[in-house]
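Written below as structure tokens is the structure these notes are about.
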2 protein chains.
Amino acid sequence: MVTADRILATFSSLGLRSTAQRGAIADWLSLASTGGRDFSAEEAWRELSAGDRPIGRATVFRALDALESDGLVDRIELADGSRRYRVCGGNEHHHHIVCVACGRVADVRSCLSPQFAGQIASETGFTLERHSIELFGRCDGCQ
Amino acid sequence: MVTADRILATFSSLGLRSTAQRGAIADWLSLASTGGRDFSAEEAWRELSAGDRPIGRATVFRALDALESDGLVDRIELADGSRRYRVCGGNEHHHHIVCVACGRVADVRSCLSPQFAGQIASETGFTLERHSIELFGRCDGCQ
DNA sequence: TTTACTGCAAACATTTTGCAGATGT
DNA sequence: ACATCTGCAAAATGTTTGCAGTAAA
């Protein structure tokens with residue numbers, strides 16, 4: 001769970017000013033984080049704008065970009081090509097598993113085994129630099 | 001390497017008629033397959049249309065959809081969200097590694113270790129159904 | 001008072017859709 | 001003949017950009 005203050009602090013550490021809009025974004029993201037919720041940029045913008053005081057679409061996109069570059073939020077590219085975000089608090093390297101029934105997302109710490117890179121090298125001649133894994137399954141509630 | 005005939009046969013096995021356009025698409029894809037090349041739908045359309053006889057954009061998109069549903073071509077969702085295709089001949093489950101320097105793509109047969117699913121289950125409570133892995137590294141020529 | 005931020009609306013890139021006419025079976 | 005395909009152009013989607021005005025520092 002990531003507090004609004006921490007998000008605000010991240011903005012500031014990126015050299016970005018503290019504005020009312022970023023405040024609203026921080027609040028909203030903190031809530032999303034508490035719920036373990038993932039969302040699209042559009043979705044975030046729509047919900048933020050539904051509130052008392054609307055906010056520009058571009059503002060939300062730009063904020064999300066900034067936070068993602070910092071690592072505070074993760075961008076998840078689903079297998080169908082849709083792009084989603086998730087507040088992961090800049091934790092160390094991890095992956096995500098998406099429930100095919102209810103859409104819930106959980107963090108996964110397990111990762112490629114160390115010998116995997118060696119296997120790749122001998123199989124393809126490539127050296128491995130980065131990887132992204134998207135997992136799909138069923139959460140405990142949906143099995 | 002996948003022949004144009006095989007692609008045509010795939011169309012037909014999907015209950016799709018054999019048309020001049022699908023013929024041109026089969027030829028082009030077969031060539032791409034020989035070169036181990038990956039491409040976006042737009043790219044395929046542009047090159048196909050550059051030839052003697054232009055072809056409709058939607059036609060190419062629809063053909064690619066059909067072939068992908070059959071598994072003859074793979075859709076690769078890159079980490080930046082861009083979507084690419086690659087003729088993989090309906091081979092069994094595999095992944096892709098993309099060279100960060102030259103963009104070359106290779107097939108990777110290595111996969112998640114068998115105990116991975118168990119690890120996931122104990123860690124998250126999810127059962128694993130599917131996964132997609134995108135790997136990024138450097139090919140032998142670019143190291 | 002300076003510089004960054006915001007909102008807007010337009011641009012953008014890519015994909016999908018509806019439909020009338022062409023074409024394969 | 002009849003159902004499917006095609007091409008077109010329009011709509012849709014989701015994101016980015018340029019710019020003039022607003023607000024933080």
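Hydrogens, waters and symmetry mates play no part in the numbers below; they use all other heavy atoms, side chains included. Keep in mind that what you see is a predicted model, and the values were worked out from it rather than measured. So that the names make sense, note that chain A is the first sequence line, chain B the second, and so on, each numbered from 1.
Arg53(B) has its CZ atom 13 Å from the C1' atom of dT6(D), to the nearest Å.
When only modelled atom types and interatomic distance are considered, Ser110(B) and Glu123(A) share a side-chain donor-acceptor pair under 3.5 Å. In the model, His96(A) has no side-chain atom that pairs as donor or acceptor with a side-chain atom of Asp38(A) under 3.5 Å.
Position along DNA chain C of the nearest nucleotide to Arg22(A) versus Arg46(B) favours Arg22(A) as the more 5'-ward residue. Heavy-atom nearest nucleotides on DNA chain C were determined for Pro54(A) and for Arg83(B), and the one closer to the 5' end corresponds to Pro54(A).
With sequence neighbours left out, His95(A) forms a ring pair (Phe, Tyr, Trp, His ring centres under 6.0 Å) with His93(A), His131(A). Listed by chain and residue number, nothing satisfies the ring pair (Phe, Tyr, Trp, His ring centres under 6.0 Å) test with Phe136(A) (two or more places apart in sequence, or in another chain).
Ion pair Arg57(B)/Glu42(B) flagged as a salt bridge, since at least one NZ, NE, NH1 or NH2 atom sits closer than 4.0 Å to an Asp/Glu carboxylate oxygen. A salt bridge links Arg37(A) with Glu43(A): at least one charged nitrogen is closer than 4.0 Å to a carboxylate oxygen.
The cluster map of Ile, Leu, Val, Met, Phe, Trp and Tyr, joined by side-chain heavy atoms under 4.5 Å apart, puts Met1(B) and Ile7(B) in different clusters.
In the 5' to 3' direction, nucleotides of DNA chain C lying under 4.0 Å from heavy atoms of chain B begin and end at dT15(C) to dT25(C).
Here the closest non-hydrogen pair linking Arg138(B) and Cys142(B) is NH1-O, 3.1 Å. Nearest heavy-atom pair across Leu8(A) and Ala26(A) is CD1-CB, 3.8 Å. Shown here for Val60(B) and Ala41(B), the closest heavy-atom pair between the two residues is CG1-O, 4.1 Å.
The closest donor-acceptor contact from the side chain of Ser40(B) to the backbone of Arg84(B) lies at 3.5 Å or more, if one exists at all. Side chain of Ser82(B) to main chain of Leu78(B): no donor-acceptor pair is present (N/O by atom type, distance under 3.5 Å, no hydrogens or angles). A donor-acceptor contact shorter than 3.5 Å is absent between the side chain of Arg6(A) and the backbone of Leu72(A).
Using a 4.0 Å cutoff on non-hydrogen atoms, the parts of residues 57-65 of chain A near DNA chain C are Ala58(A), Thr59(A), Arg62(A), ordered by number. Within residues 11-20 of chain A, the residues that place at least one heavy atom under 4.0 Å from DNA chain D are, in residue-number order, Arg17(A), Ser18(A). Within a heavy-atom distance below 4.0 Å of DNA chain C, no residue of residues 37-45 of chain A is found.
For Gln21(B), a side-chain nitrogen or oxygen approaches OP1 or OP2 of dG7(D) to under 4.0 Å.
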